[in-house]
Amino acid sequence: MAVKAKHQRLTLILLALAALIGAALLAAYALRDQASYFYAPSDIEAKGVEAGRAIRLGGMVRRGSIAQAADGVTVNFIVEDGKASVPVTYRGITPDLFVEGSGVVAEGRMDAGGTFVADNLLAKHDENYMPRELEDMNLDEIKQQAETTVTQ
Amino acid sequence: MHGFANPTRFLSIARPLTPILLWLGVALVAVSFYMGLFTTPADRLMGETVRILYVHVPAAWLGMAGWTSIAIASIVELVWRHPLAAIAARASALPGAFFAALCLITGSIWAKPTWGAWWVWDGRLTSMLVLFFLYLAYMALARESQSEAMAGRSGMSRIAAIFGIVGAVNIPIINRSVVWWNSQHQPPSITMGQSSIDPVFLWPMAIAVLGFSLIFGALVLMRMRSMLAEIRIEGRLRRKAMGASAS
């Protein structure tokens, strides 16, 4: 009899757990847009964001796209995610980790011309941890460096 | 399994195990901190702040592991009615809350120089903060029902156990938050046998995780032992009081 009660409790708990996990998954699924911290360029392209609404835009800074404007405090660059890209303009001090080819989250709004006007920039660190000695050198650069050291 | 539910047998194992876990853990943490502070290089982008990894990652892991132990012990308490399970669940709460808080604090210190903000409300940070609040709520509930749980009666204690199980829903959410949703926090660096953390950082981190886990185990055992000792004292006092009133 005691064994039976134990099994009953186990079944009850397993059923409750299954229902709980199901509910949590449904909630997470329903939240998948709302709980995102930023829009990627492809989200903006696919869904469209009305101009003037405060949003965050996140993605990678396209290499070679950072341009300092003549006034010295405005930077223009392009944020991309491999599928789409959005031009961004920002006036202010950029964080230390704001470099080309790395991640960025910008707070601001789209203007009528399709440019994102940022009020605030956050650098986004990626999942790679690498010592400074291997500073994103690719093979060619390492070869090149080796050659120059040899010729010197 | 029922053998471990016997407090006397549990104590005979826990007593010698506690110092072994504690000192081995302290030694491993010391080794990892020495490596982390002196022998490992700075990160290519983050610079010196990468060294917080050796505290932040173990703290995050133990914050989540602490609640997982609460949930497992709660299931054992509800299904098998093990008297020690309720005590094990209660003993895990405070160390778990401590490491969850440590994870939030070290993360915040790292975030300011790296991202440019102390705090952002993205999925990972928010769900971790929720975990910390869940710990506080659980500790309040567990405290209310502590004397009942220790006397081997369930009732209020059952409510704490149910809360422990329901709260576990947050654990996979924390884990998956950076995958399901766009977030400020970076996606997982270590996935199914692959690591995007350079081995030079990974080794001290793995040692730190192991060391802190052993310390966590020692803390839980210590707290369980002190709770069991409390029950004994209470029982003795009760008997004494009854003896006094009888005479």
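Every chain is numbered from 1, with letters handed out A, B, ... down the list of sequences. Because the structure is predicted, anything quoted here is derived from the model rather than measured.
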Against chain B, label [X] side chain, backbone, both or neither, depending on which of its atoms sit under 4.5 Å from a heavy atom there.
| X | answer |
| --- | --- |
| A/Asn120 | neither |
| A/Leu121 | backbone |
| A/Ile13 | side chain |

Name the option with the most non-hydrogen atom pairs under 4.5 Å to chain A; the candidates are B/Ile190, B/Leu202, B/Val200, B/Asp122.
->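 Of the options given, most contacts go to B/Asp122.
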Between chain A and each of B/Ser183, B/Ser177, B/Ala168, count heavy-atom pairs under 4.5 Å; write down the option with the most.
-> B/Ser183
Could you tell me which portion of B/Pro188 (side chain, backbone, both or neither) has an atom closer than 4.5 angstrom to a non-hydrogen atom of chain A?
-> backbone
Check each atom of B/Leu53 against the heavy atoms of chain A and say whether the ones under 4.5 Å are side chain, backbone, both or neither.
-> side chain
Quick one: CZ on A/Phe116 to CZ on A/Phe77, what's the gap to the nearest 0.5 Å?
->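 Answer for the CZ-CZ pair, A/Phe116 versus A/Phe77, is 9.0 Å.
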Is any side-chain heavy atom of B/Leu228 closer than 4.5 Å to a side-chain heavy atom of B/Leu84?
-> yes
Taking the six-membered ring for Trp, are B/Tyr135 and B/Trp67 ring centroids under 6.0 Å apart?
->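 For B/Tyr135 and B/Trp67, the ring centres are under 6.0 Å apart.
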Tabulate, in ascending numerical order, the residues of residues 112-121 of chain B having at least one heavy atom closer than 4.5 Å to a heavy atom of chain A, or enter 'none'.
-> B/Pro113, B/Thr114, B/Trp115, B/Gly116, B/Ala117, B/Val120, B/Trp121
Minimum-distance pair of heavy atoms, taken over all atoms of [X] and [Y]:
| X | Y | value |
| --- | --- | --- |
| B/Gln184 | A/Ala123 | NE2-O, 2.9 Å |
| B/Arg124 | B/Asn175 | NH2-O, 3.5 Å |
| B/Met139 | B/Ala93 | CG-CB, 3.7 Å |
| A/Val86 | A/Gly114 | CG1-O, 4.2 Å |
| A/Ser85 | A/Ile78 | CB-CG2, 3.7 Å |
| B/Ser189 | B/Ile197 | CB-CG1, 3.5 Å |

Within a reach of under 6.0 Å around CH2 of B/Trp180, are more than 12 heavy atoms found that belong to other residues, nucleotides or ligands?
-> yes
More than 12 heavy atoms of other residues, nucleotides or ligands under 6.0 Å from CD1 of A/Ile93: is that the case?
->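 Counting other residues, nucleotides and ligands, CD1 of A/Ile93 stays at 12 neighbours or fewer.
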Flag the pair A/Arg91 and A/Asp119 as a salt bridge only when some basic side-chain nitrogen lies within less than 4.0 angstrom of an acidic carboxylate oxygen.
->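 Here A/Arg91 does not pair with A/Asp119 in a salt bridge, since their nearest N and O are not under 4.0 Å apart.
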Tabulate, in ascending numerical order, the residues of residues 98-113 of chain A having at least one heavy atom closer than 4.5 Å to a heavy atom of chain B, or enter 'none'.
->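 From residues 98-113 of chain A, the residues near chain B are A/Val99, A/Val105.
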Aromatic plane relationship, B/Tyr138 with B/Phe163 - under 30° parallel, 30 to 60° tilted, over 60° perpendicular =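 Rings of B/Phe163 and B/Tyr138: parallel, under 30°.
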